[in-house]
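As the structure is a prediction and not an experimental result, all values here were calculated from the model.
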Amino acid sequence: MDNNKTPDNREAVKDPAEKSRALELQASDRMLKGFWALLFTVLALILSIYHFYTAGFGLQVGTRTHLLFHLMMGLTLVFILYPVKKGLGQTKVPWYDLLLSGLVLFVGIYIIQNQQSQAILSARPETFDIFISVALIALVLEATRRVVGKPLVIIAACFIAYYFLGEYMPGILRHTRTDFERFFYEMGYTTAGIFGTPLSVSATYVFIFILFGAILESTGAGKMFIDLALRAFGRFKGGPAKAAVVSSGMLGSISGSSTANAVTTGTFTIPLMKRVGFRPHTAGGIEVAASSSGQFLPPIMGAAAFLMIEYTGIAYVEIIRSALIPAILSYIAILLMVHFEASKYNISGLKKSELVSARRLLLQQGYLILPIFVLIYFLVQRFTVPNAAFFAIVVILVMAFFAHRFKERLGRSLVYAGILMAFAFSLQYIIVFLNQFTPRDIQWRDEIPVLVVISLVIAGLFAVGQKGLKIESAPVKYGMPQLVRGLELAARNSLSVIVATATAGILIGVVNLTGLSLKLSNMIISFSGTLADIIPAFLTFENTQLYFALILTVIACLILGLGLPTTATYVILAAMVAPALVDLGVPILAAHLFVLYYGVLADDTPPINLPAYATAGIANAEPVRTGVQGFKYDSGALLLPFAFATNPIILLLTDASWWVVGVNIFTALVGIIAFASVIQGWFVLKYYWFERWSALIAALVLINHHWISDLIGIGIVTVLFTSQFIRGRKEKASGSKTVEVQG
């Protein structure tokens, strides 16, 4: 096979209808045509360009107006794109969805015009104000049902019912705050409801990173990441599955959507996994686990990192620093599970001739990796998160537009580059002129022209290298069609986040108005204390109550997170569950990472497992079996959050020396190896039943992080490995002698 070609182009989903069905699970089956498709594209471009502008140059309107524009544009796009139910085969927008879009526009304009009215400022809304709030809530819930599904809407309805029926609730759940006008005032006009922290994070942080990921994907970077991962891991045992894990991790951190990530990478990786011997539902499950766990990975962590900024008050750099080690360990757990699976069924990797040349690939598209380093650099330098993403997008666009043009049409491209540089350097003077007429000053960043020049130089160097070494340009010739596609994709991908965060604002509003968060925290603390008291004294230890509280928290996370997108799950858990752990002495960041990990695991929990439905469609597998496999592969790191919640050294939250940190990372890694082997029933060889129980004991005692329990756990794992290794050598030798005798 020619190394210049990508091997898995022919391994992608062969049936277009099959791929379409998979895409429908994370998008819409209303296939707009003609005017309606153009209308959607124009509105999507407006939304994306608006957020790109505000990330780089600041807001020109008030914060509330900014949130209203973000939400109303999102709702309008939902009613244009998503049908009232799937399967209608619509190619245009029906009259009732046009009516809903018009109602969205009316509600938005009304709130903008009346947000400074005497009635609203004095918290005494008039009857029509209440009607507008009711309409807003109804629109948000209907949009959420269409995009996210019924579970989140049902939960929101239960919370609203709890607010109005609280006086009839028993015991600690009872409350008397059932004022009708106050509820709709808070939900529709204050930061305690729809326009609260979740939607603010969506508008300020999340959208610009969705845009970053969509632009990066439109350049062909996603395919490049997959090819690089295949080059690095493809030849090893179960190589395509290991490559799927790594590439999905890289993309999952950026995309923030388990389903979108699973479809993007799974289209290429699942057929390859099936080809080398993985069963269809196993291949789909591996992709589910890898795509979901990408939301643990810095520097972006989906949307969770930005929400944590708001809920914990901790700086972004500190959050991603603490999240890095557990994220790497969780991916090692998935890789171990894949390795054990490949060992069980003797699944080999790909031949070297089937893999893309890494050297050629990096010379073709290696510049697409640089924007990620630009992003990290500006984040570390304490620039605002939107500014850092804005700079990274500028770098992507300049390099993608000019890299192949410098190679193919150097003279004309140099003229275009000169015009771009002149514009970049003169932009600050244009902004000074425009600021005379704007209500708020447009911000200027001196980094913009510098980044443009650096990007042009790098694009030129890649063009020279490709021409000198006779390497073809990147397969995606980036131009306006690709840019439009990227901007539209960003708007599409943002819709689930916009509606989920708006609905989450309703939930958080109820929690705060009724005091439910404090009540739930008290319930967890009280119940865990009762359980700890029941246990005989000789079985208890210092953190007994905390462990029971953590177990109760896991149950709450898995129940509350069923069928919800990770963003909404984390918002609910951060408000309702994390405070209980903090009250029991868990550091606030450790508590929030704990609920995030199990919130993501809830997204992979059957039977409501949207990523599994998507990958099952690609793999031609049964969705529930695929979901079970996804949960299985994601559970390799099931005990890891217990480890960092009870001993946050691996989160780098203490003043421990690097030697102590290293020891704790090592013991956590040994525990993960033991637990992954328990789930697969395999280490070097298939476990005997008593070996499997021994490995489980080792994994459990390694959670405690005491030198005695650590030595016991490491000792058990060492004995298991040694005994299995020796047994394997003996079985291999015995097999060789048998072959010789038969010969």
Side-chain angles (χ1 to χ4, degrees), residues 24 26-48 50 64-65 67-115 127-157 160 184 187-189 193-195 198-199 202-203 207 488 491-507 565 568:
E24 285 173 13
Q26 58 117 13
S28 164
D29 63 353
R30 178 182 283 170
M31 308 303 293
L32 299 175
K33 294 181 180 179
F35 168 78
W36 302 108
L38 178 62
L39 175 64
F40 179 85
T41 299
V42 169
L43 293 176
L45 292 181
I46 291 172
L47 181 61
S48 293
Y50 168 77
R64 178 61 56 81
T65 302
L67 295 183
L68 272 164
F69 181 81
H70 177 74
L71 177 60
M72 298 309 158
M73 284 294 291
L75 294 178
T76 301
L77 289 171
V78 167
F79 292 125
I80 290 176
L81 181 63
Y82 286 83
V84 68
K85 66 177 182 178
K86 290 186 177 181
L88 297 177
Q90 295 173 335
T91 58
K92 61 181 182 179
V93 183
W95 66 268
Y96 50 84
D97 281 343
L98 286 177
L99 184 63
L100 289 175
S101 299
L103 182 58
V104 167
L105 181 64
F106 175 78
V107 168
I109 292 174
Y110 181 87
I111 295 176
I112 289 173
Q113 291 182 339
N114 290 273
Q115 58 186 325
T127 302
F128 196 71
D129 297 328
I130 298 298
F131 169 78
I132 290 294
S133 180
V134 172
L136 176 62
I137 293 172
L139 289 167
V140 167
L141 293 179
E142 170 59 12
T144 302
R145 184 192 66 80
R146 295 189 184 195
V147 181
V148 179
K150 294 178 182 177
L152 183 55
V153 177
I154 292 171
I155 292 174
I160 294 171
F184 288 103
M187 292 301 112
Y189 295 98
I194 290 173
F195 300 104
L199 187 66
S202 171
F207 191 98
E488 182 181 347
R492 282 176 178 262
N493 290 347
S494 72
L495 297 181
S496 63
V497 177
I498 292 173
V499 298
T501 51
T503 303
I506 298 173
L507 305 183

So which heavy atom on [X] is nearest to which on [Y], and how close?
X    : Y    : answer
P94  : Q90  : CG-NE2, 3.8 Å
M187 : I506 : SD-CA, 3.8 Å
T503 : A156 : CG2-CB, 3.8 Å
V93  : F79  : CG1-O, 4.2 Å
V148 : S496 : CG2-O, 4.0 Å
E142 : V84  : OE2-CG2, 4.2 Å

Out of curiosity, [X] [atom1] to [Y] [atom2], how far, rounded to the nearest 0.5 Å?
X    : Y    : atom1 : atom2 : value
L47  : H70  : CG    : NE2   : 7.0 Å
T144 : L495 : OG1   : CG    : 11.0 Å
L81  : M31  : CG    : CE    : 9.0 Å
W36  : T91  : CH2   : OG1   : 10.5 Å
F40  : T76  : CZ    : OG1   : 11.0 Å
M72  : T65  : CE    : OG1   : 11.0 Å

Test side-chain contact (heavy atoms from CB on, under 4.5 Å) applied to L71 and V499, L136, V107, the passing residue: L136
Single hit among T41, N493, V42 for side-chain contact (heavy atoms from CB on, under 4.5 Å) with E488: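 Going through the options one by one, the only one that passes is T41.
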Tell me, do [X] and [Y] make a side-chain contact under 4.5 Å, heavy atoms counted?
X    : Y    : answer
I498 : M73  : no
F207 : V497 : no
R30  : D97  : yes
I111 : Y189 : yes
L507 : L152 : yes

Any donor-acceptor N/O pair, S494 side chain to A491 backbone, under 3.5 Å: yes
Side-chain donor-acceptor contact under 3.5 Å, D129 with Y110: yes
Over 12 foreign heavy atoms within 6.0 Å of CZ, F131: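 Counting neighbours around CZ of F131, 12 or fewer heavy atoms of other residues, nucleotides or ligands fall under 6.0 Å, so no.
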